[in-house]
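Letters go in sequence order (proteins before strands), and every chain restarts at 1.
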Amino acid sequence: MKGNKLLKQTLFYLVVAGIILVILTPIYFLVVISLMSDQEAYDWPTQMVPSFFNHFKLEIDGNKYLISVYSPSKKEYVSIIRTDNFDELQKFVRNKTNSNIKKEIFDIQVQKLNELYNKNKEEIEALRSQVNTLESKLNRVTVSTVKLKSQLEKAEKAGMENLISLIKDNIEKYEKEKATYEAQLKELNKQLEEIGSVKFSVSKNIFYNYVRFFQVTSNAWPALLRSIQVALLTVLISLTIGGMAGYAFARYYFKGKNLLKLSVLFVRMFPGISIAMPMVIILINMGFYDKPLGLSLVYSVGQIGMTIWITASIFMGISTELEEAAMIFGTTRLGAFFKVTLPLALPGLAASAMYAFIGSWSETAQAIVLTQFNPTFPVVVYQTLVGAKGLINLTAAGGVSLALPAVVFTLIIRRYILQMWGGVRV
Amino acid sequence: MKKLFIVLLVLVSLLAFSAQPTLVVSSRLWTPPTEKEFIINEIIKPFEEMYGCKVVFQTMDDETMLKQVKVQKETGKITTDVIIAYATKMPEWVKNDLVVDLTPYVSKWTDRHFSKGFDSMTVFDGKRYFLPIGADVYLTLINKKALQYKPADVDINDLTWEQLAEWANLVAQGEGEGKFAVTGVPIKSLIYQVGAIALSYGAHWPDLDNPGAVAAWYLVYKMKDAFSPAVKTYDDTRPPMKREETWMTVAHCARVGEVYKSNPTQFIIAPAPKGPAGRGSVAGTSGLAIVKGTKNFDLALKFLEYMTRPDIMVKSHKGTGGFIPPVDEAIKFLGNDEQDQVIKNAIKVMNEGVLSYIAPIWKDWGQVKLVYDEIFKKMILEEGKLDIDMLELYQLQIDAQRK
Amino acid sequence: MTKTYSKRWIPYILIAPTIVYYIVFWLRPVISAVYYSFFDENNNVFTLNNYITIFKDEYFKQAVVNTAIFVIISVTLEFLVALGLALIINKKFKGANILLSIALIPMALPAVAVGAMWSSGFATYGWVNSLLYHLGLITADGKIVFLAGSDFQSLMLIILIDAWQVIPFMMVILLAGLQGLSKESIEAGYIFGGTKFTVLRKITLPMLKSSIQTALILRIISAIQVWLIIVMIYGYRRIPVLLEEVVFYEEQLLGFYRVALAYSVIVAVIVSMVSIIYLKVSGAFEKEEQ
Amino acid sequence: MATLELINLSKRYGKKVWGAKDVNLKVNEGEFIVLLGPSGCGKTTTLRMIAGLEEVTEGKVIIDGKDVTYLEPRKREVSMVFQSYAVWPHMTVYDNIAFPLKLRKMSPDEIDKLVKEVAEMVKIEELLKRFPSQLSGGQRQRVALARALAVKPKIFLMDEPLSNLDAKLRVKMRTELKAIHHKTGATTIFVTHDQSEAMSMADRIVIMKDGKIEQVGTPDDVYFFSANVFVAGFIGTPPTNFFKMNIIGENGELHLKNEYIDIKVNDKVRKALEKYNKDEIIVGIRPENLLITDNKDEAIFREKILVVEPQGSHQVIAVELGNQIVKIVTPAFPKYSADELINVTLDQERIMLFDIETEKRLEGI
């Protein structure tokens, strides 16, 4: 019996752990990718943790330096650039690996490398030419093998038994040959690495993507402030207007109450995207276009309904008698509201405000249409990300920067979220 | 929580606004953050210093730009001064009377000649509305890993479509999965990728009912196993190429250029492959134009003059993706640097190639694109059967989009 | 009788701002959208062509079917999982609060982040396969091509991705409802011989009805209007759904803005009908009338 | 201290439902009035109309000769103790009491003095710094009381203030409230549904039913001279036994008779019945007025005991007549037990007769 209970409990916690994993894994990877360099982010398999150091290999090839970086995924060095210009190399390596190679370190390594190279010059050249021959041999064998394989498929389809065995023999022969070449090549490369290259490690700037994201996102800071402005205005508008209606819902009976209650749903029924254009015209005529206020006026349309529901449920939780007591003891109806009901509703209202805040914080689709020179933060992030299609790590950094405030706010109001939704009814 | 609000309010109220004579430039070109950074710092800054003004350089997609300016016109409050739009959208700009006819001003500039090839897109009824900038063609991009499967007789810089197809098939056979990338998501660039082949085979692109087009689709059909299995979801060839999910592609020079420049030791860049009719590629260009009704016309004109100066053109095009400067004089300013690879290859295609442009004869180009997307999905990916009769039926859909 | 002290007007004063606001910022644009959906883009004459274009479009039927499938499966799935989660969190156990905190995170993520997360995840060389590889579940050659499935499979994938983000929202509403239930009535269920399942089905759920209604109706309305996540992962027209088509007509094609408006009207009509049917069937109207 | 007058006070909800109808009441200075009645009888509505919390449909509320019917609550100079106490949870006890005073623009010193004074009066001096959430129900009740006292109102309104307390505390508070009233002499309107509360505290009780006043009177009045069947039935525990009886003249004597009971009336009753010209009548007999006797001849009925409920000081005996349970209260001794056959007679001095149709009490008895 006891064992049974233990088993049940373990099972229960396993389920809980499973749920947490399912929720967190994608977010975890988004964060990990945002901390990875361009080189790491596109390697397969994606590493479970971002690296904190980059290991470089420097070689001389022709008159130029060839620099490679160690890829933990491939477990080998991957060449990244060949150049004779240090500034170019430094800039490239920084963008590619998020490591800044200092001139002094590079010079020391170059000196070492030159010594090594001068000492083994002939050997290196010989090895390199051997590698080249081997590579072309390998190429020939590979191509032949693959061609034979596709012939084999055709033969098998046609059922030509005699050909099949013939081809198979050939493939076997080629593959053996290929294996030898590969082994030799590996050996040669290893020798070449020993006598012709220097290796060194440089720490990686783990937050480089974030720094870079804010660098390349024009006007990120003003946009951020503007976003806060828009969100606060949205909160203000939706909370005053929606809060008033919410109070009416909680305290009074009036005609059309049910209809208005459902209007929250009606507002959601017409696709918001399609009214964005008429909205632009309205806002321009009112002089609010491309202004934070204009944007918050639009956001509030969606938020007011929710605020009504939520505030109504909050106000319903506050006894009318408290208000009546205040009225008896000397306040006006309004005074009773401000001195008694409002302070009591404040935590719930704050939560509802945060809700509206988050809602307007991450909205992109309408903001793109409704702003021009004064975009909100999500819009600049979006614009950067559209351009950064081939830079998933930068995209991830942008996404995380955008998500972070919203997530933090959500966690702050977590305590109140349930209270907010407590009395909400369709 | 109260305190938090107060702090935020103070922060917001600290927001200062600066008032300066400013030129607003909206561009669909140079959207990648790195490119935008380069243009702002290396190209626009000198201009600002030269004329003591401020330039707001915004990047956005063509549709948003058009929508914004349309609304500005409708409400009579023009705030955008200069736009950089793509060729396919130019007719819309002209039709809606949103841009200024630049012919009288441009004719006075003697130090530059815009590439004739793009006149069909930028000049309407003999009036030049757009100054071409950032032209594009298609280029081949190969990951060096594919080299091991390269048939011996193939010269990458003189590749034919047949060779590329064979090579791609060998890679697929050897690796067990297709490694060739095209953009399989609708309304993206598939029509140009197939167009490059079709033009190489002498097709009258984008029509489907001619031998060249059939030959092109036949080639695509032969490559049906060479496409990456996830090709249907590529809206851009950059991520799969960088991820090494695919090893080969023929794509827009800017995209290809970006991937190439992300690791020049890993990739090989080459002109688009050849066919019996030559090196086919669809070409396009973006264009600078001045928005009608701008209050800063003089400054805007100065900006256009500056941006299209051959040396500035080369500088801006070299510093960014892989677009081609569409002024004849630009070639003089190109060096022999390895970094010029992309532009050089692109110019090679532009000079030698069988080029075609998107003619302004379509009601809606997106619908034409969709036809290609559908053929690719249905015939190549799903059924694996090339049906020439069906091509003729699809031609009817294309014809329906003709004005 | 000098002054009439009446407060009957107070509620109307309180709701007036909301109504005015809705009229100015919602009804006006909606009416103009509906109005223009009946007019030709070029020469502004009355026409039904915008609607005819849609009904003739073969993607329209597909969009309706796909949307229906999406709504039915995703709402059912999300509801069941959300209910399960809510029941789990509602149990007082160590870490229930942590679980709630974590469960709320997806709700707060902006679309941009979600798009980046999943498109980098479900790419064949993305992190999902990497994770499976690290866990030893697949080999380097055995990568699962998530995005290459048939249209139906793709739709299912979208449903899963969407569920990941939407479940917390439903869970919060249900959990709030659950916490508001009186413990005694549920305990009474056990006392009088109910098993866990019967108590859940016969007592807890019926008592939770209005929370369930709220969660479902909000979810159904937004599920009919799903599009962004689909476009972010599959692009336009691979899995046509209603709103994706609206956006497609509006943003991707030139000169189809009014068709897009007409499409919106159709979507709005569909959403309203579904909502009304739902509210009727679930009995929300009757409750209102009491 | 003030007088209060309600003239034809009515409250209508919607089109037909009356919360209170034609309530007329005159309250003298310093009087302790209890509004008593079952739930939904309109007593709270009436109280709220006096307070100004409920809109008056018709009629007038007059305080100290001044018509306040349409005055805001705060201008009526009344104070109130609510059923749920309505102690503001976001203020300390001190602030709760001081808040109304601040609103009256009193000086801080004055406020402090007053707060201390009332706190002492209700014995919560040591709780002043606490928040309501840290108080027990009884303590909160005292806070509400202190708050109401502090403002020195013209009229003191109490809406079932004791109903949320446990039984023992309720009885204790009763005494305290009464004492405080005695000390302050404030005109008080007290709403309750508990008749023992009403009886023990009220100077006068107003009994209401369905929005109307049934009877106004001192506790003794309403108990001994209940105006109608409802009041007679409502007041008193166990409730009055009612019998529908026929008036029959036999051998020159008048009998009230039904299937089980036969009462030979005395002169006083006979006199009262003279003006009554209907055949049937309702007879109300309080349980303590039914007496158990050994004398068979005196008995009005004879029946087996159904149940005996000992109460310590007395015992309640139930017998079943047909399907009507009749209750009898007798002293603690002698003890009776179930199934015992008893003879029951009555104290005719305390018999109550009601008109069969109007249910009103016959005059003169």
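In plain terms, the two heavy atoms of C/Glu250 and A/Ser274 that are nearest each other are OE1-CA, 4.1 Å. Residues A/Val301 and C/Tyr22 come closest through the heavy atom pair O-CE2, 3.7 Å. Residues A/Met48 and C/Leu131 approach most closely at CE-CD1, 3.6 Å, considering heavy atoms. Shown here for A/Ile23 and C/Pro106, the closest heavy-atom pair between the two residues is CG2-CG, 3.6 Å.
Neither the backbone nor the side chain of A/Glu363 comes within contact range of chain C; no heavy atom of the residue lies under 4.5 Å from a heavy atom of that chain. Interface remark: A/Lys257 contributes no atoms to any contact with chain C (heavy atom separation under 4.5 Å). Only the side chain of C/Leu243 comes within contact range of chain A, with at least one heavy atom under 4.5 Å from a heavy atom of that chain. With a 4.5 Å cut-off on non-hydrogen atoms, A/Ile19 touches chain C through its side chain but not through its backbone. Of the two parts of C/Ala16, neither the backbone nor the side chain holds a non-hydrogen atom closer than 4.5 Å to a non-hydrogen atom of chain A. Interface remark: A/Ile308 contributes side-chain atoms only to the contact with chain C (heavy atom separation under 4.5 Å). Proximity to chain C involves both the backbone and the side chain of A/Leu402, based on heavy atoms less than 4.5 angstrom apart.
Between A/Trp44 and C/Tyr133, the ring planes lie tilted relative to each other; the angle falls in the 30° to 60° range.
Chain A is approached within less than 4.5 Å, heavy atom to heavy atom, by C/Trp26, C/Arg28, C/Pro29, C/Val30, C/Ser32, C/Ala33 from residues 26-33 of chain C, ordered by number.
Taking the side chain as every heavy atom from C-beta outward, A/Met269 and C/Ile221 approach each other to under 4.5 Å.
Remark: A/Arg251 CZ to C/Leu14 CG distance equals 11.5 Å, nearest 0.5 Å.
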